[in-house]
Each structure stands twice: as C-alpha cells, then as structure tokens.
Amino acid sequence: MKKIVFLLLHLVIGYNLTSNAQTDSYDYPDKELWHDGKAFGGQMTPAQIVQGNGSEGFDVEKVINSEMGEKLMEMAKYELAVYGVNNWDHPDMTKYWANQGVIKEIHNLEDKKHTWITYMPEYMGKKGNKKKYPLVFSAHGGGGTLFEAENHGFVKICHDKGFIVVAPENENSNAEYSAKNLITILDDMEKSGFPIDRSRVYYTGMSAGGMASLYTGLVEHKIVAAIAAHSSPRGLDLTSDGVYPGLIKKEMYNLDTEVPMWLAVGEYDFGQLPFTEGIIDGLNLWLKMNGCSETTATKDNMIGITASKITIEKLYGVDYTYADFYNKEGILINKIIGIEGHPHWVNPSFAESAWEFMSKFSRDKNGMLVVNSVR
C-alpha cells in the first residue's frame, strides 16, 4: 500500500491550480479571500492550501463556487486568510470569542509542544453556579496548529450546546501522548476550578488528531464517553503502512465495554474511500466491541460498506452518505459518514453532527457506558 502522509496543511509555494469549473457561479461574502495570499506573505492562498489536501480529481474551484465553499471559508477565514495558521494566540481571536460569550484561555504557553487552550462559555463561571458541564477535546491534524482545532466548529457551538472545549497541542497530535495527557489536563482543569462533568468527556480530532481520538477512546475507554474522528479511517487499518503502522492493535479492543464512534471522511481524502479490506477488518473489531453485527464490502454506496442503515442526505449542495450501526439494544453506537467531493479537510457539519451523536453517551463511576436521553 502506498504510504500516505497525513498533513492538514500542504504549504506548497507555487502550487498550480487546474480546474474546469466556471467562476462566479455562486456568490457569498469573503469569497475573494480564497485567492488572497496576504496571510502567508503572498506565497500561497487558501485555495492552494485546500487543493493540496485533495487527492487526484479534487477540484477546489468547484468547491469555492458552491455553498460548501461558503461554509468552509466561514470556518477557516481567520486561520487561512486573515491572521495565518501560526497566529492562533492573536489577541483579536480572544476578543472574537469573548464577543460570543466564550472565554478563551491559553495554558502552558512556555512549552509550545504541550500548550493547550480552553474555551468555556462565560455563564459556566458565574459565582454561585454549581453545575458541571461536558468537556470536548478537539485535536488538530499533523502539520496543523491549534488554530485549526479552534475552527473545527466545537468552539462555535459550545455556548449554545453547553459544553467546554479543550484544544491540546499534544506533540503535534501524537496519539500515544494524547492518551497520556488526557488525565493530566482533566486534573489541571479541575484544580483550576473548571466545572467539568467527568462522566461526559469526549475526544475528537482531524486527520492525525482523528487517529488520536481513535487511540485515546480505546486506551482510556473508562474515561472517554464517545469519540469523533474526522478524515482518519486508515487509523482502523490493522495492515496499514501509513503514518502510524500498527498504532491500533487487536488487543486494544476491550470487549467488556463499548466505545461509541463517529467517523467522517471525504471522497477525495487520499484514497480512504471506499473503505479497503484492511479498514473494514479494523472497523469490524470496533463493531464487535460495541455489540454490532459486522460489515462487509459493497459497491452500493460511496463508503463501500454495508450497515444497519444506509441513508443519503443533500447538505451544502453535496451528498452525505451515512452508514449507521445499531447494537443489540437498538442504540446507534457507530456512525460513518462519506462526503461527496470533499478533500482531506474538516467539513462544516463536523461539530453539530458529532456532538448530536456523542452527547447521548456518558460513563458511570465504574467507567461503564450509559446511554442518556437526548440533550
């Protein structure tokens, strides 16, 4: 198998865009920023960066001239077109979130490999408040920065949905370190007075951050109530010779507990769709752990697998294919999403969809999975 390097940002100077798409077919605010390179000193544009994250056949101009392009620019505007990916600590971004009622705090700044950021809705810290709240970890991809994690969408919805977000700089989303660092961050936050509900801790991530989510969910299955991995199904591949060969081993699957898993991947995400035999084998171990029937390969849908239920929904102008897996109790406990025309990049529905799925689960004091009512 060809070795795939998972980099969220391909900062390639002089990258040539080739496209047959018509321009100006869909107008929206800030569309011109796709071809504005000022955030990177004129050396590259957001369009070139996103194009570099798509496999053969991906057409960034087609995306730009669509509703999907509008949503993607809304997500990454400040990171890719205004301040640049390395300016995640820009004071204007702290003010930006404060204006939306979210307090952004940077922790351990003196150690850039292990800095982490918290985003807490301001009402959670009001005097006299005794409530505890869920915590969502949002890990960036390999080659990405904390700015990317900030733009996964969880910070945007945390105020209304009622949870705290942590973006960890875990040695560039090193999966093994992510798992080790989980408890450290939880303990530090509690000592600092963050109102965390430790029965509702969730781990999410993009690319290498998604692999960190898969790994952490398995290793810390008594702490993490559910995980959401974006653009990282190859992390399930037990035969992969990719970035993390053998990272997730068969013996890591614990059949004494369930680990709810949400996973999304794009059509042009470096050959991760349709699922290969190796990915299917790894997915079947996860399904077995969660008490679901196994999946098999099929050509009937873009993901390339069978499931308890397959549905297709038009969202932002493209087809989203959902493969839902229910356990013996009829609980939706694994959800796989394939996105038409999408590259190795976070999709605009990531946070909303993942939170809707994850928030239904928590852990009891013994670490066993609890299915909650819809929150």
Side-chain angles (χ1 to χ4, degrees), residues 132 134-139 154 163-166 168 170 173-187 189-190 196-206 208-230 232-238 244 246-264 279 281-295 324-329 331-336 354-372 375:
K132 302 290 185 181
L135 180 64
V136 175
F137 282 77
S138 181
F154 295 99
F163 59 84
I164 303 167
V165 180
V166 173
N170 289 348
S173 296
N174 178 295
E176 291 161 312
Y177 183 82
S178 297
K180 292 177 182 178
N181 202 31
L182 175 70
I183 298 175
T184 299
I185 291 180
L186 288 174
D187 289 346
M189 290 183 70
E190 284 191 326
I196 302 169
D197 181 352
R198 289 187 73 146
S199 72
R200 291 185 288 165
V201 175
Y202 310 98
Y203 213 103
T204 74
M206 161 70 186
M211 291 190 181
S213 302
L214 295 168
Y215 184 91
T216 303
L218 290 176
V219 172
E220 296 294 354
H221 58 267
K222 291 188 175 182
I223 297 175
V224 176
I227 65 113
H230 201 301
S232 47
R234 194 167 280 112
L236 298 171
D237 190 347
L238 300 174
Y244 297 124
L247 175 67
I248 296 178
K249 301 177 175 61
K250 289 183 179 180
E251 55 268 26
M252 291 173 60
Y253 290 87
N254 190 314
L255 299 182
D256 294 329
T257 188
E258 303 97 340
V259 182
M261 182 257 280
W262 179 105
L263 187 151
I279 293 175
D281 288 344
L283 176 58
N284 274 328
L285 286 178
W286 205 295
L287 293 173
K288 182 178 181 180
M289 177 179 66
N290 282 345
C292 302
S293 299
E294 71 174 21
T295 183
D324 294 339
F325 297 88
Y326 296 83
N327 63 15
K328 295 176 182 178
E329 288 73 42
I331 304 299
L332 175 59
I333 197 166
N334 279 73
K335 190 176 189 72
I336 313 293
W355 176 247
E356 180 183 5
F357 173 83
M358 296 188 301
S359 62
K360 296 180 174 64
F361 303 99
S362 61
R363 295 284 177 191
D364 65 19
K365 62 182 180 179
N366 297 314
M368 300 306 292
L369 189 69
V370 176
V371 181
N372 310 311
R375 296 185 183 278

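All figures in this text were calculated on a predicted structure; none of them were measured in a lab.
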- Item | For F163, all residues meeting ring pair (Phe, Tyr, Trp, His ring centres under 6.0 Å), sequence neighbours excluded | W355
- Task: Could I get the full list of side-chain hydrogen bond (donor to acceptor under 3.5 Å, both in side chains) partners for S178, not counting sequence neighbours?
- Result: N170
- Query: Where do M211 and G235 come nearest, in terms of heavy atoms and distance?
  - Reply: CE-N, 3.8 Å
- By side-chain contact (heavy atoms from CB on, under 4.5 Å) - contacts of E329 (at least two apart): N327, I331
Let me have the donor-acceptor pairs involving side chains of residues 218-226, under 3.5 Å, with sequence neighbours excluded, atom names and distances please.
| residue | atom | partner | partner atom | Å |
| --- | --- | --- | --- | --- |
| H221 | ND1 | L218 | O | 2.9 |
| H221 | NE2 | N254 | ND2 | 3.3 |

Sequence neighbours excluded and cut-off under 3.5 Å, please list the side-chain donor-acceptor pairs for residues 285-294, or say none.
| residue | atom | partner | partner atom | Å |
| --- | --- | --- | --- | --- |
| W286 | NE1 | V259 | O | 2.8 |
| N290 | OD1 | V259 | N | 2.7 |
| N290 | ND2 | V259 | O | 3.0 |
| N290 | ND2 | N334 | OD1 | 2.6 |

- Counterpart residues, side-chain hydrogen bond (donor to acceptor under 3.5 Å, both in side chains), relative to N284 (two or more places apart): none
- Item | side-chain hydrogen bond (donor to acceptor under 3.5 Å, both in side chains) against T184, all qualifying residues, sequence neighbours excluded | none
- Query: Excluding sequence neighbours, so at least two apart, what forms salt bridge (charged side-chain N to carboxylate O under 4.0 Å, His left out) with E190?
  - Reply: R198
- Excluding sequence neighbours, so at least two apart, what forms side-chain hydrogen bond (donor to acceptor under 3.5 Å, both in side chains) with S138? H152
- Note on the structure: Hits for ring pair (Phe, Tyr, Trp, His ring centres under 6.0 Å) against Y177, two or more places apart or cross-chain, chain-then-number order -> H114
- Message: Restricting to ring pair (Phe, Tyr, Trp, His ring centres under 6.0 Å), what partner residues turn up for Y215, sequence neighbours left out?
- Response: none
